[in-house]
There are 2 protein chains.
Amino acid sequence: MRSSRSYRQACSLALALDLVGERWTLLIIRQLWTGPKRFKNLLADLPGMGTNLLAARLKKLEREGIIQRRSLPPPAGVRTYELTERGLGLEAVILALGKWGLPLLGGRSQQYAYRPSYVAAGMRVTFRPEATRGVRETYEYAIGDEVFHVRVHGGGCDIRQGPAEHPAFRLKADAKTLLALAKGELRFDRALSAGQVEFKGDRKALGRSHAIFQL
Amino acid sequence: MRSSRSYRQACSLALALDLVGERWTLLIIRQLWTGPKRFKNLLADLPGMGTNLLAARLKKLEREGIIQRRSLPPPAGVRTYELTERGLGLEAVILALGKWGLPLLGGRSQQYAYRPSYVAAGMRVTFRPEATRGVRETYEYAIGDEVFHVRVHGGGCDIRQGPAEHPAFRLKADAKTLLALAKGELRFDRALSAGQVEFKGDRKALGRSHAIFQL
DNA sequence: CGGAATCCTCTTCGATACTG
DNA sequence: CAGTATCGAAGAGGATTCCG
């Protein structure tokens with residue numbers, strides 16, 4: 001129990017890896033990035049992870065002050081997990097790793113899991129602040145039955161689960177299609193006429209979003 | 001063999017972790033950061049890692065194009081490992097993780113390994129470009145029998161193994177002492193008069209270096 | 001001598017079954 | 001639904017041996 005494997009090196013990198021370098025841990029952080037999640041939500045988007053292991057990781061992360069457990073007020077009363085300030089500090093790590101991994105997207109993608117939450121995380125990774133000059137708007141994406149929205153404002157972007165108030169457009173597609181669009185393997189007009197995408201809103205805003213989130 | 005555990009997620013973060021998320025891997029990259037290393041060099045600074053495991057990791061990293069093996073010309077003829085361009089691209093990852101881990105330096109440091117190479121990596125992590133305005137000089141550090149130098153120039157810094165040509169100062173101490181100095185737990189004058197540090201060169205430059213590499 | 005291969009033990013992982 | 005218990009499989013760690 002006590003002996004969670006440690007590198008025992010007086011080096012900040014090794015100490016960081018002692019906390020978040022274990023298998024699955026950074027992927028849990030990625031899932032919590034867009035807001036609080038329940039145990040089953042996490043499990044659903046981390047295929048292959050056992051319930052015991054997820055419970056153990058969550059316990060350790062809570063003990064280290066990286067996430068916190070919160071119980072919603074009754075009658076909901078459900079337990080959720082969310083990042084603390086300290087946990088949010090891992091954003092730079094996830095961004096760096098995600099950017100480094102971008103060229104790897106595209107290999108034998110057949111037997112890989114495609115989830116809406118991966119797309120949401122991917123958008124944050126591909127976000128280019130320098131392409132937002134003056135842009136201040138919100139985009140809504142519906143992937144399967146999961147909806148999230150992206151708010152672009154003055155060099156930053158927020159990605160949150162749930163629908164948006166007044167989005168410049170609403171776009172509906174599945175995760176695979178959206179990834180193919182982002183990679184430029186599929187043209188939007190073609191996807192639209194093939195019925196793979198539903199689009200409602202400002203076409204100009206779609207063009208801007210393509211420039212802002214670019215692989 | 002083939003089945004090196006993969007997350008199988010169509011997400012750039014997960015794909016990156018499939019390559020460099022395994023135990024020890026990022027620490028190997030850290031070690032190669034200051035230049036080519038031999039097998040035994042790596043082993044010496046990664047206490048607890050077995051020869052078989054190091055060999056396996058190196059093989060995988062070479063296969064993935066992150067490091068490359070090079071044989072020096074005869075008569076030396078020794079094999080070394082060094083980062084490729086792709087491997088160098090992991091710098092942002094190590095910097096982000098290292099910065100996030102800085103507050104962890106300082107706990108029960110007693111039973112931890114202290115190595116010169118950790119100090120060198122730490123300096124890169126704590127480097128603050130904004131504090132270098134107009135500074136263009138080199139500092140040399142001798143820790144035990146290992147020497148490395150830091151070249152600061154126009155917003156960047158290079159850290160390499162070996163002595164420097166014309167350093168602004170040469171400083172000799174052990175890793176533990178240097179870390180205590182960096183953390184501000186030990187005053188330089190006190191360390192100097194206690195004989196824990198040998199210093200030769202420009203005291204003003206030492207002051208600048210403190211501002212440039214700051215925890 | 002560097003480093004790859006072998007063995008053995010221990011820990012961690014992954015999947016499923018079970019419980020409050 | 002949120003976890004705990006369990007167990008076979010894979011990986012890690014340490015020592016030793018083999019090969020160039």
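Chain letters run A, B, ... following the sequence lines, proteins first, then strands; residues in each count from 1. Quick caveat, the model's predicted, so the values are computed rather than measured.
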(message) Going by salt bridge (Lys or Arg N to Asp or Glu O under 4.0 Å), B/Glu82 matches just one of B/Arg69, B/Arg38, B/Arg70. Which one?
(response) B/Arg70
(request) Mark up nucleotides 13-20 of chain D, 5' to 3', with B wherever a protein heavy atom is under 4.0 angstrom from a base atom, S wherever such an atom reaches only the sugar-phosphate, and - elsewhere. (result) SB------
(request) In whole angstrom, give the distance that lies between atom NZ of A/Lys37 and atom P of D/dA2. (result) 14 Å
(request) Give a yes or no on whether the ring-centroid distance for A/Tyr112 and B/Tyr7 is below 6.0 angstrom. (result) no
(message) Using OP1 and OP2 only, check whether a side-chain N or O of B/Arg38 sits under 4.0 Å from C/dG3.
(response) no
(message) Between B/Glu198 and B/Lys172 (salt bridge meaning N to carboxylate O under 4.0 Å), is one present in this structure?
(response) no
(request) Establish, with yes or no, whether the OP1 or OP2 oxygen of C/dC13 is under 4.0 angstrom from a side-chain nitrogen or oxygen of B/Tyr7. (result) no
(message) Under a 3.5 Å threshold, yes or no: a donor from one side chain and an acceptor from the other, between B/Glu62 and B/Gln68?
(response) no
(request) Hey, which sits more toward the 5' end of DNA chain C by its nearest nucleotide, B/Arg69 or A/Glu22? (result) B/Arg69
(message) Around atom CD of A/Glu185, are there more than 12 heavy atoms from other residues, nucleotides or ligands closer than 6.0 Å?
(response) yes
(request) In whole angstrom, give the distance that lies between atom NZ of B/Lys59 and atom C1' of D/dG11. (result) 17 Å
(request) Whole angstrom is fine here: how far is it from CZ in A/Arg57 over to C1' in D/dT4? (result) 16 Å
(request) Say whether A/Gln31 and A/Ser117, considering side chains only, have a donor N or O and an acceptor N or O under 3.5 Å apart. (result) yes
(message) I need the CG-P distance between A/Leu46 and D/dG3, as an integer number of Å.
(response) 15 Å
(request) Figure out the CG/P separation between B/Leu54 and D/dA12, and round it to whole Å. (result) 13 Å
(request) Rounded to the nearest angstrom, tell me the gap between atom NZ in A/Lys40 and atom C1' in D/dT4. (result) 20 Å
(request) Figure out the CG/C1' separation between B/Leu42 and C/dG2, and round it to whole Å. (result) 12 Å
(request) Determine whether B/Val152 and B/Thr138 make a side-chain contact, defined as any pair of heavy atoms from C-beta on separated by less than 4.5 Å. (result) no
(request) Starting from C1' on C/dT12, measure out to NZ on A/Lys60 and report it in whole angstrom. (result) 12 Å
